[in-house]
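Below: one structure, written as structure tokens.
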Amino acid sequence: MFNQSEIINALTKVLESKTFSKSTTTNVLLKLLVESTIEGHTITAYTVGLELFGKRYDPKKSDVNIRVNISHLRKRLKRYYEEEGVYDPIVISIKPGQYNTTFSAREEKKNNSLKRKKIVGFILSFVVFTAVAFFLLKPSNKVWKPMFDNGFETTLYLGDVFGYSGSTIFNNTGWHRDSKINSVEAFFRTY
């Protein structure tokens, strides 16, 4: 699927990232796993232990440390591909319980692009449909025209007319709502 140079370039990009920059053990481990997978070698805990711990490797004591390091590596790879490597075309991963790496093409961005195109298409269709409906079904003036042309004075109230202007608790002037007044008749009876 990918040639060796593409995989090495992907590995180099991961190793030079901020996520991996200060983690020597994780870098050595990732490099070992990727190179062994490329060369077709079967990787065992013993191989990993010798590479990480050298002569200090004790299979009885170190195998737990190897599993912990592999777990940390998996988490770090996941974080890298969610943050810095979000647009990387090749994703390096390690399946649980295994030491060999897998290389896959990033498919998610294509799906997101397709989703984005569908959303934009839906919005454009809605706008076009609304515009066509508006121009074909123009609202008639049959409702408003008689009201404005009836010969009577029309008063437009903006805000609340049932109140009064007066002093506020902060000694400023402000508008107060009179809760007893809810109609024009009540307003004239009160004042």
Side-chain angles (χ1 to χ4, degrees), residues 1-140:
M1 184 172 191
F2 299 107
N3 63 39
Q4 187 173 347
S5 64
E6 290 174 326
I7 294 170
I8 295 296
N9 287 340
L11 173 64
T12 304
K13 189 172 182 183
V14 171
L15 294 176
E16 292 175 352
S17 69
K18 290 179 184 176
T19 308
F20 280 82
S21 66
K22 296 182 181 178
S23 180
T24 309
T25 304
T26 306
N27 286 357
V28 169
L29 181 59
L30 180 61
K31 189 173 180 186
L32 168 73
L33 298 179
V34 169
E35 289 175 352
S36 297
T37 301
I38 290 172
E39 293 168 4
H41 298 160
T42 303
I43 304 167
T44 62
Y46 182 77
T47 309
V48 173
L50 285 176
E51 186 67 33
L52 290 181
F53 303 112
K55 293 180 182 178
R56 295 178 293 132
Y57 175 66
D58 179 9
K60 294 177 184 174
K61 296 178 182 176
S62 301
D63 282 352
V64 173
N65 290 336
I66 292 169
R67 286 192 293 274
V68 168
N69 281 312
I70 294 284
S71 175
H72 286 285
L73 175 58
R74 266 192 214 100
K75 289 176 187 173
R76 200 173 289 254
L77 279 169
K78 183 178 182 224
R79 187 174 64 205
Y80 169 77
Y81 286 113
E82 288 174 351
E83 296 170 3
E84 293 177 74
V86 72
Y87 296 109
D88 287 5
I90 299 175
V91 176
I92 301 170
S93 59
I94 306 163
K95 293 180 181 173
Q98 295 185 4
Y99 296 113
N100 286 334
T101 54
T102 57
F103 312 104
S104 57
R106 184 172 297 270
E107 295 292 331
E108 294 174 21
K109 291 301 160 193
K110 292 177 185 175
N111 291 340
N112 285 343
S113 175
L114 183 61
K115 287 178 187 176
R116 191 175 298 122
K117 287 178 184 177
K118 286 182 179 180
I119 290 170
V120 168
F122 175 76
I123 291 171
L124 286 175
S125 299
F126 179 75
V127 168
V128 168
F129 175 77
T130 304
V132 168
F134 178 76
F135 288 113
L136 290 179
L137 306 170
K138 286 186 179 180
S140 71

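What you see is a predicted model; the values in this text were computed from it and never measured.
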Heavy-atom pair of closest approach, residues Ser93 and Leu77: CA-CD1, 4.4 Å

For the CD1 atom of Ile43 and the CD atom of Glu35, what is their distance to the nearest 0.5 Å? 10.0 Å

Considering the options Glu83, Glu84, Lys78, Glu82, which one meets the side chain to side chain donor-acceptor pair (under 3.5 Å) requirement together with Thr19? Glu84

Among Val14, Leu15, Ile8, find the one that has a side chain to side chain contact (heavy atoms under 4.5 Å, CB included) with Thr12. Ile8

Value for NZ (Lys22) from CG (Asn27), rounded to nearest 0.5 Å, stands at 12.5 Å

Decide if atom CD of Gln4 counts as having more than 12 heavy atoms of other residues, nucleotides or ligands within a radius under 6.0 Å. no

Looking at side-chain heavy atoms only, is the closest gap between Phe122 and Lys117 below 4.5 Å? no

Nearest heavy-atom contact between Gln98 and Arg74 is O-NH2, 3.7 Å

Can you give me the closest heavy-atom contact between Ile66 and Val48, atom names plus distance? CG2-CG1, 3.7 Å

Are Leu11 and Thr101 close enough that some pair of their side-chain heavy atoms sits under 4.5 Å apart? no

To the nearest 0.5 Å, what is the distance between CD on Glu6 and CD1 on Ile90? 5.0 Å

Considering all heavy atoms of both residues, which atom of Ser23 and which atom of Arg76 are nearest to each other, and what is their separation? CB-NH1, 3.6 Å

What closest approach, in Å, do Asn3 and Ser5 show between heavy atoms, and which atom pair accounts for it? OD1-OG, 2.9 Å

Give the minimum heavy-atom separation between Tyr99 and Leu33, together with the two atoms involved. O-CD2, 3.2 Å

Side-chain touch Phe20/Leu73, heavy atoms, less than 4.5 angstrom: yes

For a 4.5 angstrom cut-off between non-hydrogen side-chain atoms, does Tyr81 reach Asp88? yes

Quick one: pull up OG1 in Thr37 and CD1 in Ile92 and give me the separation to the nearest 0.5 Å. 9.5 Å

